[in-house]
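Here is the structure we will look at, set down as structure tokens.
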Number of protein chains: 2
Amino acid sequence: MEHKTISLADQVFENLENDILSGKYARGELLTESKLSLSMGVSRTPIREALRRLSQEHIIEETGKGSVVVGITEEDLRDIFFIRRKIEPECAAMAAKNRTDEQIAKLREAVEFQEFYLGKKDTEKIKLMDSRFHETIYNMSASTVFSDVLVPLHRKIQKYRKASVSNKSRAAASVDEHRKIFEAIEAGNEEKTYELFAKHLENAYNHMFGKEK
Amino acid sequence: MEHKTISLADQVFENLENDILSGKYARGELLTESKLSLSMGVSRTPIREALRRLSQEHIIEETGKGSVVVGITEEDLRDIFFIRRKIEPECAAMAAKNRTDEQIAKLREAVEFQEFYLGKKDTEKIKLMDSRFHETIYNMSASTVFSDVLVPLHRKIQKYRKASVSNKSRAAASVDEHRKIFEAIEAGNEEKTYELFAKHLENAYNHMFGKEK
DNA sequence: ATCAGCATAATTGTATACAATTATACCATT
DNA sequence: AATGGTATAATTGTATACAATTATGCTGAT
């Protein structure tokens, strides 16, 4: 049993990020440390920490007198996809190059779980495994720079309520693409990984915004 | 006089980031909150806040028992340049599109100061104005996503001690390129801005790592 | 001499107390 | 009624106190 205890600050961050990106807290709403402290039942210290992290990721904006909820706009979504399409295929290719057995196992597991939950039509779990798939690849690249850039971008997209991958057809296709990407990474085929990944992101983009560009 | 008072936490962050990226604190060194608190003469609270931010940018790594200095490696530099070359020209093109008079004025000022300090051979000031030039462009893009990604990347490069733009020939060429980029942005010419910027980054990269790739 | 175990110290995590700043509301004056 | 000023309250910034965990070193037994 080596259960890593998660700090209150981390939990608060998780909850707040979720509540904001999922729309529970509306854009423009004002959050204060005291009220959050009261409503969440923890002291201001962990609250402050979480707010600072959210502020750094531009999910809220600290005004000096409360924090205003910013959330994420459709324009943000487009920018995020633009950046991901420009750099994430390269990151995946690096993963194919630097892969370790342990990471390959973890990636395979993410794919297999996605296939399993696809059958169950459990979209929440599918999204969870989607995060694991992509973040595992970020780690496999062995580049903290790529990881630091891509993790927050992916998290924002992932949790955005409108970005529901609930559309069944896309979900199935997406999982299928993950399977093929996984195989390319496992085989260490950098070029193929790059191309499959670029196509994967293009498809996701087109599905989200429509074919017309 | 509306001097925005800078919080202790911000100052601590600035100082620590500088000390780490400039090499004062060596890679692998262990920082503890108590010692920093003592040596900097402030309580642990602002220290913690600064450490968290540094950790989020992977400049240090929190181990649960002190924070290990990570700094920035040459591999990081390459990754940063890769990403910048992929997305920063687009950001500059957006700046050319969304420019405002006020921002144009600020950008012009940055270029003119650089030209002035180039004559004075004041490399520190040149670097400072280089930061202002690039960060102004990030702001002009009016995209928080691009800005959030690019600002930390540029800061890391900027402060890296080996990345001294002290080489006179490159400094002169760089300032000249800034001037031309500024003119393209002022004119609102997106395509030209994109191309000039791409070339600017390519030149900076080649100067730092040598032509061979 | 070596190793186990326990006491001690060092460190982070959290809560609370206090300071400083800023908004707000109320009251008095015109 | 409008305005200005002042007291009050709300909020963040900082410091400190306390809790919990973990490393460290010492002591004693074999």
Side-chain angles (χ1 to χ4, degrees), chain A residues 1-20 24-71 144 148, chain B residues 1-20 24-71 144 148:
Chain A
M1 270 309 225
E2 37 144 329
H3 236 15
K4 193 171 176 186
T5 56
I6 298 175
S7 71
L8 287 181
D10 287 345
Q11 295 176 43
V12 170
F13 174 78
E14 280 287 335
N15 288 338
L16 280 178
E17 191 193 37
N18 245 318
D19 289 347
I20 291 172
K24 180 173 163 186
Y25 288 121
R27 188 178 182 76
E29 193 161 344
L30 192 70
L31 306 178
T32 65
E33 295 175 5
S34 330
K35 282 173 194 157
L36 290 174
S37 169
L38 208 60
S39 73
M40 303 184 87
V42 299
S43 80
R44 271 179 57 214
T45 310
I47 301 278
R48 278 179 69 80
E49 208 168 285
L51 288 177
R52 287 303 163 88
R53 285 173 65 185
L54 291 168
S55 164
Q56 207 166 342
E57 295 185 1
H58 263 277
I59 291 172
I60 65 172
E61 206 162 273
E62 296 184 321
T63 66
K65 206 77 180 182
S67 297
V68 177
V69 172
V70 172
T144 58
D148 290 347
Chain B
M1 268 317 219
E2 36 143 332
H3 237 16
K4 194 172 174 185
T5 56
I6 299 175
S7 70
L8 287 181
D10 288 346
Q11 294 177 43
V12 170
F13 174 78
E14 280 288 335
N15 288 336
L16 280 178
E17 190 193 38
N18 245 319
D19 289 348
I20 292 172
K24 180 173 164 186
Y25 288 121
R27 187 180 182 76
E29 193 161 342
L30 191 72
L31 306 177
T32 66
E33 295 175 3
S34 330
K35 282 173 193 158
L36 289 174
S37 169
L38 207 63
S39 73
M40 303 185 88
V42 299
S43 80
R44 271 179 59 215
T45 309
I47 301 277
R48 277 178 69 80
E49 207 167 287
L51 288 177
R52 287 301 161 89
R53 286 173 63 185
L54 291 168
S55 165
Q56 206 166 341
E57 295 185 2
H58 262 278
I59 291 172
I60 65 172
E61 207 162 272
E62 296 185 321
T63 66
K65 206 76 181 182
S67 297
V68 177
V69 173
V70 172
T144 57
D148 289 348

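Excluded from the calculations below are hydrogen atoms, water molecules and symmetry mates; all remaining heavy atoms, backbone and side chain alike, are included. Throughout, protein chains are lettered first and strands after them, A, B, ... in sequence-line order, and every chain is numbered starting at 1.
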Quiz item: Whole Å only: how far is the CD atom of B/Glu62 from the C1' atom of C/dG13?
Solution: 11 Å
Quiz item: Roughly how many Å is it from CG in A/Leu8 to P in D/dC18, rounded to a whole number?
Solution: 20 Å
Quiz item: Run the salt bridge (charged side-chain N to carboxylate O under 4.0 Å, His left out) check on A/Glu49 and B/Arg48 step by step: do they pass?
Solution: CA-CA 9 Å; A/Glu49 208 168 285; B/Arg48 277 178 69 80; 3.5 Å; yes
Exercise. Would you mind telling me which of D/dT14, D/dT11, C/dT11 lies closest to the side-chain atoms of B/Ser34?
Key: C/dT11
Quiz prompt | A/Asp10 CG to C/dT12 P, straight-line distance once rounded to whole Å | solution = 16 Å
Quiz item: Of the options A/Leu54, A/Leu16, A/Leu30, which is the one that meets A/Ile60 in a side chain to side chain contact (heavy atoms under 4.5 Å, CB included)?
Solution: A/Leu54
Quiz item: Within a radius of less than 6.0 Å around CD of B/Gln11, do more than 12 heavy atoms belonging to other residues, nucleotides or ligands occur?
Solution: yes
Exercise. Among the candidates C/dT11, C/dT12, C/dC18, find the nucleotide nearest to the side-chain atoms of B/Arg44.
Key: C/dT12
Quiz prompt | Nucleotide D/dT11, atom P - distance to CG of A/Leu36 in whole Å | solution = 11 Å
Quiz item: OP1 or OP2 of D/dA10 sitting under 4.0 Å from any side-chain N/O of A/Lys35?
Solution: no
Self-check item: For atom CD of B/Glu61 and atom C1' of C/dT12, their distance in whole Å
Solution: 17 Å
Practice problem: For B/Thr32 and for B/Thr45, find the nucleotide of DNA chain C with the closest heavy atom, then tell me which residue's nucleotide is more 5'. | Solution: B/Thr32
Quiz prompt | Sub-4.5 Å side-chain heavy-atom contact between B/His58 and B/Val70 | solution = no
Exercise. Can you figure out which of C/dA15, C/dT14, C/dC18 approaches the side chain of A/Val42 most closely?
Key: C/dA15
Self-check item: Nearest heavy-atom neighbours spanning B/Ala9 and B/Ala50
Solution: O-CB, 4.0 Å
Quiz prompt | Length of the line joining A/Glu33:CD and D/dT14:C1', which is rounded to integer Å | solution = 12 Å
Quiz item: For B/Leu30 and D/dT22, what is the distance between atoms CG and P respectively, to the nearest whole Å?
Solution: 16 Å
Self-check item: Among D/dG13, C/dT12, C/dA15, the nucleotide that comes nearest once only the side chain of A/Arg48 is considered
Solution: D/dG13
Exercise. Rounded to the nearest angstrom, tell me the gap between atom CD1 in B/Ile47 and atom P in D/dT16.
Key: 13 Å
Exercise. Look at the side chain of A/Lys65 and decide which nucleotide, out of C/dT22, C/dA15, D/dA15, has an atom nearest to it.
Key: C/dT22
Quiz item: Looking across every strand, which nucleic acid part, if any, lies under 4.0 Å from A/Ser7 by heavy atom: base, sugar-phosphate, or nothing?
Solution: sugar-phosphate
